[in-house]
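Written below as structure tokens is the structure these notes are about.
Note that the structure is predicted; figures quoted are calculated from it, not measured.
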Amino acid sequence: MNEAEDKYRALRRLPPFPAIATKLLRLLSNDNASIKEIVELVRADTALASELLRVVNSPIYGFPGRISSIQNAVTLLGLETVKSFALTVSMKGFLHTALRLDLLRRIWRHSLACGLVCEELSAVCSTSQGRDDRAYTAGLLHNIGSLGLFVAHPRAYADVVTQVNGKSVLEREREAFGLDHCEAGGWLAQSWGLPEEMQKAVKTHHEPPKETEFDLIDLVRVGVLLTDSLGFDVVPPATPYSVTDIRKLLPHAAQYRFDPDAAVMLARVTGRLDAFD
């Protein structure tokens, strides 16, 4: 085994990406996906179906009367919300009991918060102000390299994250494992067969957004900065950004549509995060 293959050895031992999540990603790329297809997919996974019913009946939605039908739950929540929810539950199931570990839980909540932040940013970046469900998915999955490295090297990765010692976390990861979480995530995304656009978001999420042709990849890059600035960072950023700084990275037209109160946005994202606990 050569050196390039050897550095991925621990990642090769990770379980495969959840099959239901792969199917959901295929549906996400199909604009003509029907309620019937989503309902059948959710019904096929008992854990997913029960979790969906638990959340749709929670106070966060406040629907009158108890909802006991998957069909009704999907209709009330809407296809985009259900797709995002199902992908999140599938990823959470992939990590299962390991989420009891504080550091992994922090990494997971950062990923989930980033998905929610990217979803909001997609609306302000759209001329129609419609949300792009790809943005949530890309934000949720952007940090699978950190999740993968932690699951593969739990003690060593905890040391890397807690003992940065003036270096960037990417530098510390490369010293410890021969690759950083962006490269690890790119390898996992490719081996799991994720869409090419998602692979690129995973591999390049720490690069600065382009000044022209702002696309989904750039949106994720801005979303990561905003997620960290709201307090969902895993490691304190070397260069902290304020919401005002981050707003300037958006396309010019989007800047007029995005001027949030950071405390209000934090409370909103936290409320949605807690619905998945």
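- The main-chain N or O of E37 is never found under 3.5 Å from a side-chain atom of E40 such that the two would form a donor-acceptor pair.
- With sequence neighbours excluded, no residue forms a salt bridge (charged side-chain N to carboxylate O under 4.0 Å, His left out) with R43.
- Salt bridge present: R268 and E120 bring a charged side-chain N and a carboxylate O closer than 4.0 Å.
- Looking at R54 and E51, a side-chain N of the basic residue comes within less than 4.0 Å of a carboxylate O on the acidic one, giving a salt bridge.
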Give the intermediate values and the outcome of side-chain hydrogen bond (donor to acceptor under 3.5 Å, both in side chains) for residues S146 and Y157. CA-CA 9 Å; S146 290; Y157 197 70; 3.2 Å; yes
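- Between the side chain of Q199 and the backbone N or O of G186, no donor-acceptor pair lies under 3.5 Å.
- E207 pairs by the salt bridge (charged side-chain N to carboxylate O under 4.0 Å, His left out) definition with R221, not counting sequence neighbours.
- Under the salt bridge (charged side-chain N to carboxylate O under 4.0 Å, His left out) criterion, K210 pairs with D215, D218, sequence neighbours left out.
- Annotation: Y256, atom OH; neighbour count of heavy atoms from other residues, nucleotides and ligands within 6.0 Å does not exceed 12.
- In terms of heavy-atom proximity, G65 sits nearest to N57 at O-OD1, 4.1 Å.
- Heavy-atom neighbours of E175 CD from other residues, nucleotides or ligands within 6.0 Å: above the threshold of 12.
- No donor-acceptor distance shorter than 3.5 angstrom exists from the side chain of R172 to the backbone of K167, with no hydrogens or angles considered.
- For R174 (side chain) and D180 (main-chain N/O), no donor-acceptor pair under 3.5 Å exists by modelled atom type.
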### Task
Check the pair D245, S242 against side-chain hydrogen bond (donor to acceptor under 3.5 Å, both in side chains), reporting the backbone distance first and the verdict last.
CA-CA 5 Å; D245 295 331; S242 68; 3.1 Å; yes
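- Among residue pairs with one or both ends in residues 188-199, those qualifying as salt bridge (Lys or Arg N to Asp or Glu O under 4.0 Å) are R134-E197; sequence neighbours excluded.
- A salt bridge links E119 with R272: the distance from a Lys NZ or Arg NE/NH1/NH2 to an Asp or Glu carboxylate oxygen falls below 4.0 Å.
- With side-chain heavy atoms closer than 4.5 Å counting as contact, directly or through intermediates, the hydrophobic cluster containing V220 also holds V224.
- For residues 184-223, the ring-ring contact (aromatic ring centres under 6.0 Å, His included) pairs, not counting sequence neighbours, are Y8-W187, F17-W192, F94-W192, H142-H205, H181-H205, H181-H206.
- When atom types are taken as modelled, the side chain of S126 and the backbone of A123 share no donor-acceptor pair closer than 3.5 angstrom.
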